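None of the values given here were measured: they were computed from a predicted structure. Hydrogens, waters and symmetry mates play no part in the numbers below; they use all other heavy atoms, side chains included.
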Amino acid sequence: MFLRAYLRASTKEQDATRARADLEAFAFERGLTIAATYLENESGASLQRPELFRLLADSRPGDVLLVEQVDRLSRLNTADWERLRAEIRQRQMKVVALDLPTSWQLAGDHSDDFTARMAEAVNGMLLDMLAAIARKDYEDRRSRQAQGIERAKASGAYAGRPEDTKRNAAILSMLRAGQSWNTIIQATGCSRSTLSRLAKRTTVGGATA
């Protein structure tokens, strides 16, 4: 059994390594070692998370996927959460979250198969519940943000997100140099929609992915 730590933050401005010490302490207290750590800055509401799926690809049956909180693993809608859960089940991984104490025993050995299966069944139900709560919290925050923006627009106080002029200048240079869209996205971390918008500013709008 290997512990595989997954650390995620939503944006590049946030520190995805913040919880590393807590995960390492959890493992140390139980005489365990984290075999590998997977770090990325991606939204928990999206399945487009290369490091998470690299973790799953590296795993072996019985390995532990260790996270600080369930919402680090999922703020997914129901359909995407079911897809991720199916992938985890198929690979026979155990999910252990520091904010889900019932999952902690899954990081150790069980005296018998019945105890192990009961622990996994109970933990699975609680995991689904916390994933649903995380999604609801995400949707509520998005709704409040949208309402705040609408109020600000109505009062003329909304200026929108400031443009990252330095990054965008680099993207424009890469476009003009004929770099592919995939190369630019990987190098800068910009979204395809942002790249499409910037491409319209150049005469190289025909650059392809």
Q) Within 45° of the six-membered ring axis of Phe26 and under 6.0 Å from that ring's centre, is NZ or CZ of Arg30 located there? A) yes
(Q) Check whether Asp22 reaches the backbone of Ala19 with its side chain - one donor and one acceptor, N or O, closer than 3.5 Å. (A) no
Q) Any chain of hydrophobic side-chain contacts (each under 4.5 Å) joining Leu126 to Leu84? A) yes
Q | From CG (Leu7) to CG (Leu55), nearest 0.5 Å | A | 10.5 Å
(Q) Quick check on Phe28: does its CZ atom have over 12 non-hydrogen neighbours (other residues, nucleotides or ligands) under 6.0 Å away? (A) no
Q) Roughly how far, to the nearest 0.5 Å, is the CG atom of Leu98 from the CZ atom of Arg72? A) 12.0 Å
Q. Between Ser59 and Leu56, is there a donor-acceptor pair closer than 3.5 Å when you use the side chain of the first and the backbone of the second?
A. yes
Q | Between CG on residue Leu100 and CG on residue Leu127, distance to nearest 0.5 Å | A | 6.5 Å
(Q) If I compare all heavy atoms of Ser74 with all of Leu76, which pair ends up nearest, and what's the gap? (A) OG-N, 3.1 Å
Q) Is the number of heavy atoms from other residues, nucleotides or ligands under 6.0 Å of Gln48 CD greater than 12? A) no
Q.
In the structure I gave you, are the side-chain heavy atoms of Arg83 and Asp80 within less than 4.5 Å of one another anywhere?
A. yes
Q | Closest non-hydrogen atom pair between Ala27 and Leu3, with its separation | A | CB-CD2, 3.9 Å
(Q) Tell me the closest heavy-atom pair linking Ile34 and Ala5, and the distance in Å. (A) CG2-CB, 3.8 Å
Q. Are Arg85 and Asp128 within salt-bridge range, i.e. N to O under 4.0 Å?
A. yes
Q. Does CZ belonging to Arg141 count more than 12 external heavy atoms closer than 6.0 Å?
A. yes
Q: Of all the heavy-atom pairs spanning Asp15 and Ala9, show the shortest one and how long it is.
A: C-CB, 4.2 Å
Q. Does CZ in Arg197 sit with more than 12 non-hydrogen atoms of other residues, nucleotides or ligands closer than 6.0 Å?
A. yes
Q | From Ile184 atom CD1 to Leu172 atom CG, the distance as rounded to the nearest 0.5 Å | A | 9.0 Å
**Q.** Check: Ser143 side chain, Glu139 main-chain N or O, donor-acceptor pair, under 3.5 Å
**A.** no
Q | Heavy-atom pair of closest approach, residues Met174 and Thr183 | A | CE-O, 4.5 Å
Q | Closest non-hydrogen atom pair between Leu65 and Tyr6, with its separation | A | CD2-CB, 4.0 Å
**Q.** Any donor-acceptor pair under 3.5 Å from Arg4 side chain to Asp58 backbone
**A.** yes
